[in-house]
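Below: the structure, in structure tokens.
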Amino acid sequence: TPNEQLINKICEVLWDVSILNKRERIFIKNNDGTWTVSDMFYNKYLQNETFDNILCAWQFSEGFARILTKDGRWGYINGDDNVINLLPENVIRAYDFNCGRAKFEIKATWEDEHRTDTYAFGFIDCRFNVVIKPIYISASDFNNNICTVEDEFCYYKYKINPKGEI
């Protein structure tokens, strides 16, 4: 599909090179399209760490690397044990972790018929629990434990903390 081709092209351009995290782990895209996690310090591949279902991988942030699988699922790889945690199938995009929270996006329909937005944003914690429900039409990443959001009925933005409190 055209979307798949675009995603593949973006992944090739952005992530054919290695991606580092603070634990000195590195993602390497192999010639066969699989991804391998390697240990930078010892310059060796880690055992049993080849992932053949990953289409694209992003840099590690707060111990997790965001991934997109070949079947279109978003998730994260834990930098400590390299376990893949997939998000629910209705998630159409995931973002990096900041301040212990990662933003995610789902398709949404709004009660206000004047709304043209078709997405809703929410947040998960590092255990992949939804801690802030996807009720926002826009949301920034957390920075210094503050995030700017806008909900369906507000035409101005306001700030929330990692618990979703104003």
Side-chain angles (χ1 to χ4, degrees), residues 1-15 19-23 25 27 29 35 37 51-112 114-166:
T1 68
N3 279 347
E4 237 174 48
Q5 291 170 350
L6 177 62
I7 289 172
N8 283 333
K9 193 64 175 169
I10 291 170
C11 290
E12 283 175 25
V13 171
L14 294 178
W15 305 111
I19 304 168
L20 300 174
N21 77 350
K22 43 187 169 174
R23 289 179 179 81
R25 291 256 165 53
F27 264 119
K29 187 172 183 183
W35 290 79
V37 176
F51 304 98
D52 59 357
N53 192 33
I54 295 176
L55 174 65
C56 206
W58 281 258
Q59 66 187 8
F60 281 85
S61 174
E62 296 188 7
F64 298 96
R66 181 170 39 124
I67 62 161
L68 178 61
T69 65
K70 290 178 181 172
D71 58 352
R73 298 274 309 268
W74 288 90
Y76 296 89
I77 293 182
N78 182 324
D80 289 331
D81 54 17
N82 298 318
V83 170
I84 294 178
N85 295 282
L86 293 177
L87 298 178
E89 289 182 15
N90 67 333
V91 172
I92 59 171
R93 185 157 184 206
Y95 296 80
D96 291 335
F97 274 88
N98 291 292
C99 302
R101 301 290 183 258
K103 181 171 54 174
F104 68 92
E105 194 173 333
I106 63 169
K107 282 208 176 255
T109 54
W110 303 103
E111 292 177 26
D112 181 350
H114 296 86
R115 276 271 175 238
T116 58
D117 311 278
T118 57
Y119 307 105
F121 297 90
F123 291 87
I124 59 172
D125 63 15
C126 60
R127 292 186 193 121
F128 309 100
N129 298 311
V130 174
V131 290
I132 300 173
K133 292 181 182 178
I135 59 171
Y136 300 107
I137 62 171
S138 71
S140 68
D141 290 324
F142 275 93
N143 186 11
N144 293 322
N145 290 318
I146 297 292
C147 170
T148 303
V149 295
E150 180 181 5
D151 69 23
E152 177 183 5
F153 302 105
C154 293
Y155 293 96
Y156 64 91
K157 296 183 180 199
Y158 55 97
K159 298 184 183 305
I160 61 172
N161 66 19
K163 294 179 182 177
E165 303 165 334
I166 298 174

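Scope of the values below: all heavy atoms of this structure, side chains included, with no hydrogens, waters or symmetry mates.
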*Show your working on side-chain contact (heavy atoms from CB on, under 4.5 Å) between Asn98 and Asn143 and close with a plain yes or no.*
CA-CA 7 Å; Asn98 291 292; Asn143 186 11; over 6 Å; no

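Counting only residues at least two apart or on different chains, the salt bridge (Lys or Arg N to Asp or Glu O under 4.0 Å) pairs with a member in residues 131-143 are Lys103-Asp141. Residue pairs meeting the salt bridge (Lys or Arg N to Asp or Glu O under 4.0 Å) criterion with at least one partner in residues 85-97, sequence neighbours excluded, are Arg66-Asp96, Arg73-Glu89.
Taking CD from Glu62 and CZ from Phe97, the interatomic distance works out to 8.0 Å, rounded to the nearest 0.5 Å. Interatomic distance, OH of Tyr95 versus CZ of Phe142, reported as 14.5 Å (0.5 Å rounding). Atoms CD1 and CZ, from Ile132 and Phe121 in turn, are 13.5 Å apart once rounded to the nearest 0.5 Å. Atoms CG and SG, from Asn144 and Cys99 in turn, are 6.5 Å apart once rounded to the nearest 0.5 Å. To the nearest 0.5 Å, the span separating CZ on Phe104 from CH2 on Trp74 amounts to 14.0 Å.
Put simply, the side chain of Lys70 does not reach to within 4.5 Å of the side chain of Ile54, judged on heavy atoms. In this structure, the side chains of Cys147 and Val149 come closer than 4.5 Å at one or more pairs of heavy atoms. Side-chain contact check for Ile106 versus Tyr119: every heavy-atom pair is 4.5 Å or farther apart. A 4.5 Å side-chain heavy-atom check between Ile124 and Leu87 finds at least one atom pair inside the cut-off.
In this structure, the side chain to side chain donor-acceptor pair (under 3.5 Å) partners of Asp71, at least two apart in sequence or on a different chain, are Thr69. For Phe128, the ring pair (Phe, Tyr, Trp, His ring centres under 6.0 Å) test picks out Phe64, Tyr76, with sequence neighbours left out. Annotation: salt bridge (charged side-chain N to carboxylate O under 4.0 Å, His left out) contacts of Asp125 (sequence neighbours excluded): none.
A donor-acceptor pair is defined here as one N or O able to donate and one able to accept, closer than 3.5 Å; no such pair exists between the side chain of Glu150 and the backbone of Ser138.
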Side-chain donor/acceptor pairs under 3.5 Å, residues 159-166, sequence neighbours excluded:
residue, atom, partner, partner atom, Å
Lys159, NZ, Thr148, OG1, 3.2
Asn161, OD1, Lys163, N, 2.8
Asn161, OD1, Gly164, N, 3.1
Asn161, OD1, Glu165, N, 3.0
Asn161, ND2, Glu165, OE1, 2.8

